[in-house]
Asks: 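Handing you a structure now.
Per chain, numbering begins at 1; letters A, B, ... match sequence-line order.
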Amino acid sequence: MNRAFYERDVCAVAEDLIGCVLRNGPCAGLIVETEAYHESEPSCHAFVGLTARTRTLFGPPGIAYVYRSYGIHALVNAVAEPEGIGAAALIRALEPIEGIALMRERRGAEAVADLCSGPGKLTQALAIRLDDNGASLTGGPIEILPRRAALPAPGIVRSVRIGITKAVELEWRFSLAGSRFVSRPRPR
DNA sequence: CATGGGATTGACT
DNA sequence: GTCAATCCCATGC
């Protein structure tokens, strides 16, 4: 995907990422779940303004925002909207496509549905690390590729975001309808 | 400088 | 269903 894809409303970006492919080296997966975050709402890290932590979020669209969650996990986002606006789409789950043996090794799990069914799991499976923060998603080793085909009906489900305590009412979570590879709790 | 709180996961009851 | 692990950063004194 090129820069123009990311330089749009972050909800549109998050929704359009469903069905695209996230790849890092030999491992790749179909994006089946995303969430949008925008500086205008308090659950977004960028809500506090420009700080050392949020610098990436305000950077150019099409770069990765990777941060540590709960002191343990790395979570990866695609930075969206024009440079200077803090917004990003969190990638929450993948359907594994390639490099499954390596994913199993990294995750210490066997079932394919357990490899990338959560934002902390998929970064571990694809070996996306904190030092990838700020890396380009349009030309670097980590890349997002367009949908190969139209999404199967019934398409995309929209629901509230997960694990946040503010702006909980916004339906900014997007999932591939009926996918077994989304994180819990599954959307209705 | 001290402190509180997560965009989570996996183990356990 | 409950709960601990673990650490960076934003905030406030």
Asks: Going by atom types alone, do A:R107 and A:Q124 pair a side-chain donor with an acceptor below 3.5 Å?
Replies: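 There is such a pair (donor and acceptor under 3.5 Å, judged by atom type) between the side chains of A:R107 and A:Q124.
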Asks: Under the salt bridge (charged side-chain N to carboxylate O under 4.0 Å, His left out) definition, can you give me all pairs with a residue in residues 90-105 of chain A, not counting sequence neighbours?
Replies: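 Sorted result for residues 90-105 of chain A: A:R23-A:E98, A:E33-A:R92, A:E35-A:R92, A:R104-A:E110.
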Asks: Would you tabulate the pairs of protein nitrogen or oxygen atoms and nucleotide nitrogen or oxygen atoms of nucleotides 7-10 of chain C closer than 3.5 angstrom?
Replies:
from, atom 1, to, atom 2, distance (Å)
C:dA10, OP1, A:T51, OG1, 2.5
C:dA10, OP1, A:R53, N, 3.1

Asks: Looking across every strand, which nucleic acid part, if any, lies under 4.0 Å from A:L75 by heavy atom: base, sugar-phosphate, or nothing?
Replies: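 Contact class for A:L75: sugar-phosphate only.
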Asks: Roughly how far apart, to the nearest Å, are C:dC13 and B:dG5 at atom P?
Replies: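 Approximately 14 Å lies between the P atom of C:dC13 and that of B:dG5.
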Asks: Suppose we screen for salt bridge (charged side-chain N to carboxylate O under 4.0 Å, His left out). Which residues come up paired with A:D114, at least two apart in sequence or across chains?
Replies: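 Residues passing salt bridge (charged side-chain N to carboxylate O under 4.0 Å, His left out) with A:D114: none at all.
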Asks: Base, sugar-phosphate alone, or nothing: which one does A:R173 contact when heavy atoms must sit under 4.0 Å apart?
Replies: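 No contact.
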Asks: Please list all pairs meeting salt bridge (charged side-chain N to carboxylate O under 4.0 Å, His left out) that have one or both residues in residues 119-132 of chain A, counting only residues at least two apart or in different chains.
Replies: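 Those involving residues 119-132 of chain A are A:R129-A:D131.
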Asks: Hey, where on DNA chain B does chain A first and last touch, going 5' to 3'? Cut-off is any atom under 4.0 Å from a heavy atom.
Replies: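 For DNA chain B, the relevant span reads B:dG6 to B:dG10.
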Asks: Could you summarise the pairing of DNA chain B as dot-bracket text, marking Watson-Crick and G-U pairs under 3.5 Å with ( ) or [ ] inside the strand and | across strands?
Replies: ||||||.|||||.
Asks: Scan A:S43 against the nucleic acid and name what it touches under 4.0 Å (heavy atoms): base, sugar-phosphate only, or nothing.
Replies: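 Here A:S43 touches the bases of the nucleic acid.
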Asks: Measuring only the P atom in each nucleotide, how far is B:dT13 from C:dA5? A whole number of Å is fine.
Replies: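 My reading of the P atoms in B:dT13 and C:dA5 gives 15 Å.
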